[in-house]
Structure formats: C-alpha cells, structure tokens
There are 2 protein chains.
Amino acid sequence: MNLKDLAASLGLSQTTVSRALNGYPEVSEATRKRVAEAARQHGYRPDSRARSLATGRAMAVGLVLPMTAKQEIVNPVFSDFVAGAAETLATRGYDIVLSLASEEEQTNVYRSMLSKGRVDGMIMQAPLTGDRRIQLLKDLGMPFVVHGRVSDHDDEYCWMDMDNRHAFHEATDHLLEFGHERIALLNGMEAMDFAHRRRDGFLDALSERGLSADPEIMDSAVMTEQYGYGAACRMLALPAPPTAFLTSSLLVAMGVQRAVQARGLRMGLDISVVTHDDGLSYLPNGSEDAPIFTATRSPVRVHGNICAETLMKLIDAPQTPPHHTKLKASLTIGPSSGPAPTV
Amino acid sequence: MNLKDLAASLGLSQTTVSRALNGYPEVSEATRKRVAEAARQHGYRPDSRARSLATGRAMAVGLVLPMTAKQEIVNPVFSDFVAGAAETLATRGYDIVLSLASEEEQTNVYRSMLSKGRVDGMIMQAPLTGDRRIQLLKDLGMPFVVHGRVSDHDDEYCWMDMDNRHAFHEATDHLLEFGHERIALLNGMEAMDFAHRRRDGFLDALSERGLSADPEIMDSAVMTEQYGYGAACRMLALPAPPTAFLTSSLLVAMGVQRAVQARGLRMGLDISVVTHDDGLSYLPNGSEDAPIFTATRSPVRVHGNICAETLMKLIDAPQTPPHHTKLKASLTIGPSSGPAPTV
DNA sequence: AATCACCTCCAAAGCGCTTTGGACAGGTTT
DNA sequence: AAACCTGTCCAAAGCGCTTTGGAGGTGATT
C-alpha cells in the first residue's frame, strides 16, 4: 500500500493525504482523522527512500565499526556505545547505518557513506593520534561528531570526550595520597589518542609530587584480561615491584587481580589497583553501592547518548560553531585500593 | 555531481552513462572507459536512495539490537557478531541498518524497518523461548534469518545456530570422564532459548550415566563475572560442594576462577571449570595454543558471517526452502579441568 | 539495391514521496 | 455587488536513479 493507493481509496489527492499525515495545517481536522484512520487500517508506512529522496534527509546517521589495528579486535566498548547512540537517535526517528572497514578501506567507506546519501551525518569512533579521518570528514563536508578527539585542531570539529587526562591524574593522585610511590601503568594501545592523554595525566600527577615514572612498570597493549595478568605477573616479579596498578580497563584490572591473587597477595592491602571503568553493562564493577575496584567511571553508553544528541543538533544547524562536550569521570572508591604497605 | 550532470558533461545520455557504470553490454568499450574515468574524476557516486527506489533493492539488512530483558544489558556478544555480519555483507555492498528496541517496542520497530523499504531482510538475534518476533517476521513476509532458533516450528524459517545441546553434553561428558559427579551448572538466563538447550545437554549427559542433577548447584542469570563469583562462592560453601563447574560464558568462568582462588583452591586440581567460549575478540581464552579454560568454542563472529551469507542467499532467492546451519562447537582442553579429587 | 542483424546510443516512463503554485467554494469586508 | 480573504483541496513538478522500447548508423548477406 503506497501513498497513491491510499489516496485513491480515500478519494483524496496524494497531496492532501501526505499533508494530513505529516501534520501540515492546510487540511481540515475531519479529513485528517479520516486519513489517519485509513492509514492505520491499511498499515501504511511511507517508503523511507522515496521520502528521503524528496526531502533530502536520510533520517539516518552513519557509524563505522572500528577495528583495532591489524588485530581484528572489535572494540568492546562498541556495543554499549552504539546502544546509547541508538537510544537517543530513536527518539527522533533516526536509524544507524553501520559499516565495517579495515584500516585501508576506511577512506572509501566514509566516502561512499556520505555521497550515497544514505546518512545525514556520521559518528566517528576511536580516533588515533593524528587520525586522518577527521580531515577527510571535514573535506567531505558532512556533519560529524567524534567520540574522543585528536590533539590538533580540536576546536574545528564537534567532539565529545571524557577528560582522560584529568581522570588518570585523579586516579594517580588517589594512589599517591595513599603513599604509593611505585605505581604501574597498564595503558591501552598508545596509537589510540585517549591512551596518550591517560599517560599524560598519570605522568603529570607523578611529577607534581616530584616522582618520576619508571618505564619498566609502564606498558601498553590491547586491553584484555590476559594482558593485565601477564603484565602484572612480570612486574610483580621485578626486584622492585610496584605497590599499585593503574589500568585502563576493567578487563585489564581483572587480569591484575588474578595475578595478585596467584602470588598470594591481597588486593587493597598488599597491592592496590585502580582502573578506569567504561561502565559496560555486561561488565559491571560490582554493584552500585559495592564496587570491586576503585575506579574512574564514565559510562560509555552516556557517551553514545551525547554523541547522538550533538550530531542531531549539528544536522539541524550545520553552520553553528563546533560543539564540544568534555565529561568528567567520577572516582568511586572500592576495596581494591588502600594505603601503601609500610616496608 | 549527479548522473544528469555527469551525462551532460560527457555529451551522453543518462541511460548510456548508467549502463556504462553498471557494466551492461550495450555500450562500447571506448565510451565505458571514458565514462568510468569521468566518474572517477568527478568523484561521482550514485545516490543510494534513488537507485534503491528504482531497483527495488535497498542493499541493506536490518538488525535490531537486543536488550536483555529489563536490565538494559547489551548483549556482549553483539559487537563480534555484528562485525562478522558486516564483514560478509560488505563483500557484496550491503550495509547494516541498526535499530534498538525495548521489549515493548520490538513489534513496531520490526514493522517499520520492513515497510519503510530501508532494508531487504533482517537478522534476528537472541531469540527467547517462544519468541513471538518470529511469527511477526513471517507475517510481514520479509526475508530473515535467526541467530539461534526457537524450539517450535524451527523448520519454517532460516536460522543458524550452534549446537548448544551437543556442546554442553560434550562438556559434561568431559567432566564425567574425569570422575566428577557433582557438577555445577551456571547457565545464562533461561528466558533465552539457548540456555534451555544447554541445560538439556547437561541433564542428558548426567542421566545417561545414571546421575541426577542437584538443583542446589544449578543457577541461571545474566552472564557476568560477578554472577560467576557469587554463585561459585555460595556453592563452594555448601556442605557438599561441587567438584566441577560448567559455565555458559567466559566471564562467568572468570568469576568462578576468582572464587576458587579466593578459597585457596586450585583450578584443574581441586576444582575443574569448563565453559563455553563465544570467541569474543576482546575476551580471548588465553592464546591459541595455550588456553586458560577447557572450553567448548564457537566464535560468534563466524556466526555473524554465516547469518549474513544465509540472508543474502535468501534475499536473492526468497522462494527457496528455509536453510539451516548447525555448528558444532569444538572442545579445547585447557588446564582448568582435570580428574576429580579423590576424597 | 534491398534486407537483415548488430552495435551503440537515447528519450521517456517509472520508483513513491514532498512541495510549489494554484483552484474553488464560502464567508467578510468595502 | 464587487473585491478580498481564508480554509480546503488538487495537479504536476521534482528528487536521482534504472530500464523499457525504440532510433540511427554500420557492415554483412541476399
């Protein structure tokens, strides 16, 4: 059942039916009712392609599934992020169009997404340091917002980011105040822009107290439980092992926890662990009132909400100056951190 | 730059340009070259909406992000699954259109996805027991394939599923052969159809050896690390604790591991743990040649591949009888399982 | 020289919607 | 009574593509 048929069955013109359905004023309340009822009865839904072609709006935003480097690892944060974005977009009738692109195809995928008219804007995820996609998107002239940002020129485009630097500064301070002086950093892949910021926050906090970092207890890799376990085992076996760990993800922290327990040490007493927590729904940090790890928390689902909201505003008013959102992570104290052991 | 402009700039008709670009034979090789070059130079890309409207094919498939029950938990399996699907779909130029739907809105979301002409088919995930979405999709007459299946009428629609029953049967056998007689089952939410099958496989294996299950050491919940830890702690404190655990997900197994270690027990010696492993890229079960857990493994990314492949075939030939794929999980032996301790 | 087939190209009709620019009737104002 | 709104509706023109049904030109066949 298309508009033409519906109009015919009502003895009205397409124009009138279209206007009635879309809430235009130049149609009497009586016919509007009649049209609405008929539409409901016939299960009429406008064809989105035709509508989109006529209005110029796709009512969809694009999202390119980021694959971490060559390792084909899907960003674990993706599902919650996309859920948040989809949730917000749904309130305004937008869909998400998803593409997956290997590193090499990125450019092409972005190009085609745009020019095919399938989407009105894009959300870009997981920016790398010096990411060239941003320039590409700017060149293409398509509205976009970045989840995260890249260090340079970050006032020239929309982004929403967590204050990674501040979060890790705060987390480090928390440990320093407990008297820890040898703090290990298990960071994400340093190709990711956020990993840089986190490290900077960590280093700043140390140097503010006159401490210097020891490269031997700093590592960075794809954030898995394995990595946390392996790195922690190695570091705990050092002549001068760390008394605390700062990790970039709950999974890594869980790995550290396993290593700590395997050595017969006690978390929060012998070894402190603080982590960043993306608030993934399937990976809760204990319960609301009883967290397991002391953590800087910033639910990535909310990031999805904000990115979507920002993008929709940008689509509505493309000429407004770029909008930025910087979220502060909240530090929640759990039993995994405590005073440095007195030797 | 649209087709009209491109044609004008070449002094050709739209028809010829369109044919040249789409590889139709009725255009000379010389002009085809000329057209291709001009298209490349102008960065011309056909508008997908217009093309879709003209051809009747959307070149996209729909996916509804499932939210587990009321708990707003995003399926952790989603990201790898969608990566697999997107990967396969990309080879044929299909995109994925994503919607998110709460339990109540499901029907509406599916309805609109279809009739809006935005997609040519759908992939349905995470079916519940007696899931009504299947009937809905059948009624709507849209090609679809289910990741998993529902017990009744499963010959009437396309699905791809792992043989959950067989996997858990095999895993249970593995433990039984090691002499374990008190095996705990930590299952996923039993509203999920696969959880049912897994339990059946477990129970079958037990009864085949004349053993009966003890409800006290069977549990089911959303599959988190917390859940594994909590349930294992509780069960290990029973007067007659289990000597082995069979869990539905690596996260749950990790929780069990933590509980085991917390009690000072040794995995694979005092307590055996076998789990199912969805092969999530960000949650590896150790390395390829050195797994941590004994596990029945079936990478969900491959499931995504297969679902996509099946769906594309179905779209090409809607009248073929429903196609089914049943995957056998592979049992990989790790250090987490061993002979039952002799009391 | 006429016929035929073939190759290369084109005009125009859709696909299903929105939107512009009236048309027509009825009531208000001058 | 003429002029003017105002409210309600419609015909038709796009949006950018594909595809049907020829048209015109060339060379081979009779």
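Order of the sequence lines fixes the chain letters, A, B, ..., with proteins taken first and strands second; residue numbering starts at 1 for each chain.
Residues of residues 4-15 of chain B having a heavy atom closer than 4.0 Å to DNA chain D, listed by number: B/Q14, B/T15. Proximity of residues 51-61 of chain A to DNA chain D (heavy atom under 4.0 angstrom from any strand atom) is restricted to A/L53, A/A54.
Taking the side-chain hydrogen bond (donor to acceptor under 3.5 Å, both in side chains) definition, one finds that B/K138 meets it with B/E156, sequence neighbours left out. Applying the side-chain hydrogen bond (donor to acceptor under 3.5 Å, both in side chains) rule to B/H324 yields the partners B/W159; only residues at least two apart in sequence or on another chain are considered. Applying the side chain to side chain contact (heavy atoms under 4.5 Å, CB included) rule to A/K33 yields no partners; only residues at least two apart in sequence or on another chain are considered. Listed by chain and number, the residues in a side chain to side chain contact (heavy atoms under 4.5 Å, CB included) with A/R49 are A/D47, B/S52, B/L53 (sequence neighbours excluded). Partners of A/S9 under the side-chain hydrogen bond (donor to acceptor under 3.5 Å, both in side chains) rule, at least two apart in sequence or in another chain, do not exist in this structure. Listed by chain and residue number, nothing satisfies the ring pair (Phe, Tyr, Trp, His ring centres under 6.0 Å) test with B/H323 (two or more places apart in sequence, or in another chain).
The nearest whole Å value for the distance from the OH atom in A/Y24 to the P atom in D/dC10 is 17 Å.
Axis orientation changes by 70° from one end of the helix from C/dA2-D/dT29 to C/dT30-D/dA1 to the other, with each end axis drawn from 5 pairs and the value rounded to 10°.
In the 5' to 3' direction, nucleotides of DNA chain C lying under 4.0 Å from heavy atoms of chain B begin and end at C/dT8 to C/dG16.
Each salt bridge (charged side-chain N to carboxylate O under 4.0 Å, His left out) pair with one or both residues in residues 299-310 of chain B, not counting sequence neighbours, appears once here: A/E72-B/R301, B/E87-B/R301.
Nucleic acid contact for B/R49: none, since no nucleic acid atom lies under 4.0 Å from a heavy atom of the residue.
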Only distances under 3.5 Å count here; give the side-chain donor-acceptor pairs of residues 90-97 of chain A to other protein atoms, sequence neighbours excluded, each with its distance to 0.1 Å.
| unit_1 | atom_1 | unit_2 | atom_2 | d |
| --- | --- | --- | --- | --- |
| A/T91 | OG1 | A/T88 | O | 2.5 |
| A/R92 | NH1 | A/D316 | OD2 | 3.3 |
| A/R92 | NH2 | A/D316 | OD2 | 3.0 |
| A/Y94 | OH | A/R57 | NH2 | 2.7 |
| A/D95 | OD1 | B/S99 | OG | 3.1 |
| A/D95 | OD2 | B/R118 | NH1 | 2.7 |

